[in-house]
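A note on names: the letters A, B, ... follow the listed sequences, proteins ahead of strands, and every chain is numbered from 1.
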There are 2 protein chains.
Amino acid sequence: MSERVLPRAERRRRTEGRILDAARALFAEVGYERATIRAVAKSAEVDPALVMQYFGNKQELFRAAVRATPAPEAAATPEELVEHLLGTLDVKMGELPRGSLAMMRSMLTHPEAGTAAREALARQVDRLAASIPGEDARLRAALMTTILLGVTVGHQLLELPELRDAPPERIARLLRPSLRALTGPDSAG
Amino acid sequence: MSERVLPRAERRRRTEGRILDAARALFAEVGYERATIRAVAKSAEVDPALVMQYFGNKQELFRAAVRATPAPEAAATPEELVEHLLGTLDVKMGELPRGSLAMMRSMLTHPEAGTAAREALARQVDRLAASIPGEDARLRAALMTTILLGVTVGHQLLELPELRDAPPERIARLLRPSLRALTGPDSAG
DNA sequence: GTCTATAAAGAGATAGAC
DNA sequence: GTCTATCTCTTTATAGAC
């Protein structure tokens, strides 16, 4: 019960945290298939069997690593909406929520990651569509969502040099009119 | 030498074609890692060893399956450029070149597919930038490219319902202003 | 030339020692 | 509770029979 010795539960919690951090980083870097339990354990400096002990299997480890979707926020006007999206992008340009990159890396090849990605995108489409007027609000919202998806994929996952080297504010400034064009029902000319 | 018997070379060519078609379909569906030689062979109705005999290894089979990048075309004015891109999208909406989907499915998780994707996107950025005036032409071109990438990924690979259910012309009509906004140096307001 | 049989390697998962 | 050792499965790739 000495103060200098961590309680068992606390010690375990920290070890779990190290494993999850390592898992997130590796899943984000190489995707679900190529990330091995052994490599995660090595990176977290624990025994591979401990990872299994804590999480049961690889699938559960992945699930735990990509958990915690950021809470959606509402926006009143289309203008606010666009600024909110560009702010999200700004965040994305720097350090995206750590689990999100892990999920995105595997979304095209791992069934569960694909489902999670579709659900997350659907939530964003719902949210956007609620703030956009017009009959085709959902389609517009889906296009805004996929535009941001494409920019994020190109920047964070494919690391296209033009996007990597540009300041986030400059990207946001260039992208603003493209998103604005999708917020109004009559902006398609 | 009878007319009714195919020459050996022709017979082999057709078998190779069946294998490549099966490989393209499977790679496009589940990605490089989950696509097995055995499954490709079964789908093409040949022996797995024959696939190895013809292509050497899995990597070479993938390379052969995703080969044949469509020839780039030039565009004179920014307006023509946007229409050309939307036309490409139209094609993408229907039946994308068969190898392209296979490459895109694995571009985030398979190193060689990632390299191929980066090269293909870089070519498109080069081509677009050459038709856009202004100092930040390359960044604008990269954003136009990633916008189309995002829409294609969302539609073809993630199969978002809003995009799947919308007529291609409607998508093109909504997307046009967003792309137009990126063609001019002063359109960012 | 085509296929059977198998080698070789890697990974997830488990049992049991300490 | 933690780790050693191993099992089992899957897959690529090869060697050699027919």
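Atom-to-atom, NZ of B:Lys58 to C1' of D:dT11 comes out at 8 Å; the value is rounded to the nearest Å. Rounded to whole angstrom, the span from the CD1 atom of B:Ile37 across to the C1' atom of C:dT2 amounts to 16 Å. Rounded to whole Å, atom C1' of C:dA11 lies 15 Å from atom NZ of A:Lys42. Distance A:Arg12 CZ to D:dG1 P: 9 Å, rounded to the nearest Å. Here the P atom of nucleotide D:dT2 and the CZ atom of A:Arg11 are 7 Å apart, to the nearest Å.
Both A:Leu175 and B:Leu139 are members of a single hydrophobic cluster when ILVMFWY side chains are connected at heavy-atom separations under 4.5 Å.
Using a cut-off of 4.0 Å between Lys/Arg side-chain N and Asp/Glu carboxylate O, A:Glu16 and A:Arg13 are scored as not salt-bridged. For the pair B:Arg105 and B:Glu29, the salt-bridge criterion is not met [side-chain N within less than 4.0 Å of a carboxylate O]. For the pair B:Arg24 and B:Asp21, the salt-bridge criterion is met [side-chain N within less than 4.0 Å of a carboxylate O]. Salt bridge A:Asp126/A:Arg123: absent, no basic N to carboxylate O contact under 4.0 Å. Checked for salt-bridge contact, B:Arg176 and B:Glu83 meet the test: a charged N lies under 4.0 Å from a carboxylate O.
Residue contacts for B:Ala41: at a heavy-atom cut-off of 4.0 Å it reaches no nucleic acid atom on any strand shown. Nucleic acid contact for A:Arg8: none, since no nucleic acid atom lies under 4.0 Å from a heavy atom of the residue.
Scanning residues 44-57 of chain B for heavy-atom distances under 4.0 Å to DNA chain D yields B:Met52, B:Asn57.
Checked by distance alone, A:Arg38 brings a side-chain donor or acceptor within 3.5 Å of a matching partner on the base of C:dG12.
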